[in-house]
Amino acid sequence: AGTMAGLVLLGHPAAERFAAAVSALAAGRTTELSRALLRHAAAGRVSVEYAAVLHGLVGERPLAPAIAGLLATGATSGRAMALGLCTAIDLVDRTMRTR
């Protein structure tokens, strides 16, 4: 979900295709709650903590407390969302940056 939301929010051209593929794979393999999180991510709807990190990355708010807030979310879900965001940023950089 973290990668999916990141690709959507960062405007990656393959975001919609990636979201559809992940959603198809998740059907019948995960909980309804997880599928709902994926649906929200595919639409670019994220938690306040995830959004705070995005705002911090572009200098609109302090980054360190935003990262701490995201990492503190849930037992492991905040860390997973942060890792997904990092993955999305890397993918965007590798595939969309003009060299």
Side-chain angles (χ1 to χ4, degrees):
T3 301
M4 186 185 303
L7 293 175
V8 168
L9 294 168
L10 295 171
H12 195 281
E16 188 174 316
R17 188 176 55 204
F18 179 78
V22 170
S23 296
L25 288 171
R29 292 185 171 146
T30 190
T31 66
E32 179 56 37
L33 179 61
S34 293
R35 286 190 304 275
L37 178 62
L38 291 172
R39 283 192 301 273
H40 285 287
R45 293 186 300 264
V46 295
S47 68
V48 171
E49 295 83 6
Y50 189 100
V53 171
L54 291 173
H55 288 285
L57 287 170
V58 297
E60 294 178 355
R61 63 174 54 170
L63 182 57
I67 291 172
L70 180 58
L71 295 177
T73 302
T76 60
S77 56
R79 290 184 180 279
M81 293 296 287
L83 177 59
L85 176 56
C86 291
T87 301
I89 290 168
D90 182 60
L91 287 169
V92 166
D93 181 60
R94 289 172 185 254
T95 60
M96 294 179 63
R97 182 174 55 165
T98 306
R99 300 196 191 261

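Annotation for A19 and A42: closest pair CB-CB, 3.7 Å, computed over non-hydrogen atoms. Across every non-hydrogen atom of A82 and L71, the tightest pair is CB-CD2, 3.8 Å. The two residues G28 and R35 have their closest heavy-atom pair at N-NH1, 4.3 Å. Counting all heavy atoms, side chain and backbone alike, L70 lies closest to M81 at CD1-CB, 4.2 Å.
Between H12 atom NE2 and R17 atom CZ the span is 8.5 Å, to the nearest 0.5 Å. L85 contributes atom CG, which lies 11.0 Å from atom CG of D90 (distance to the nearest 0.5 angstrom). Within the model, atoms OG1 of T3 and CG of L7 stand 6.5 Å from one another, a figure rounded to the nearest 0.5 Å.
No chain of hydrophobic side-chain contacts below 4.5 Å, direct or via other Ile, Leu, Val, Met, Phe, Trp or Tyr residues, connects L83 to L54. The cluster map of Ile, Leu, Val, Met, Phe, Trp and Tyr, joined by side-chain heavy atoms under 4.5 Å apart, puts L57 and L9 in the same cluster. Side-chain heavy atoms closer than 4.5 Å link hydrophobic residues (I, L, V, M, F, W, Y) into clusters, and following such links, even through other members, never connects L25 to M4.
Side chain of Y50 to backbone of R45: no donor-acceptor contact under 3.5 angstrom is found.
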Handout entry: side chain to side chain contact (heavy atoms under 4.5 Å, CB included) evaluation trace for L10 with L91
Key = CA-CA 10 Å; L10 295 171; L91 287 169; over 6 Å; no
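Within 6.0 Å of CD in E60 there are more than 12 heavy atoms belonging to other residues, nucleotides or ligands.
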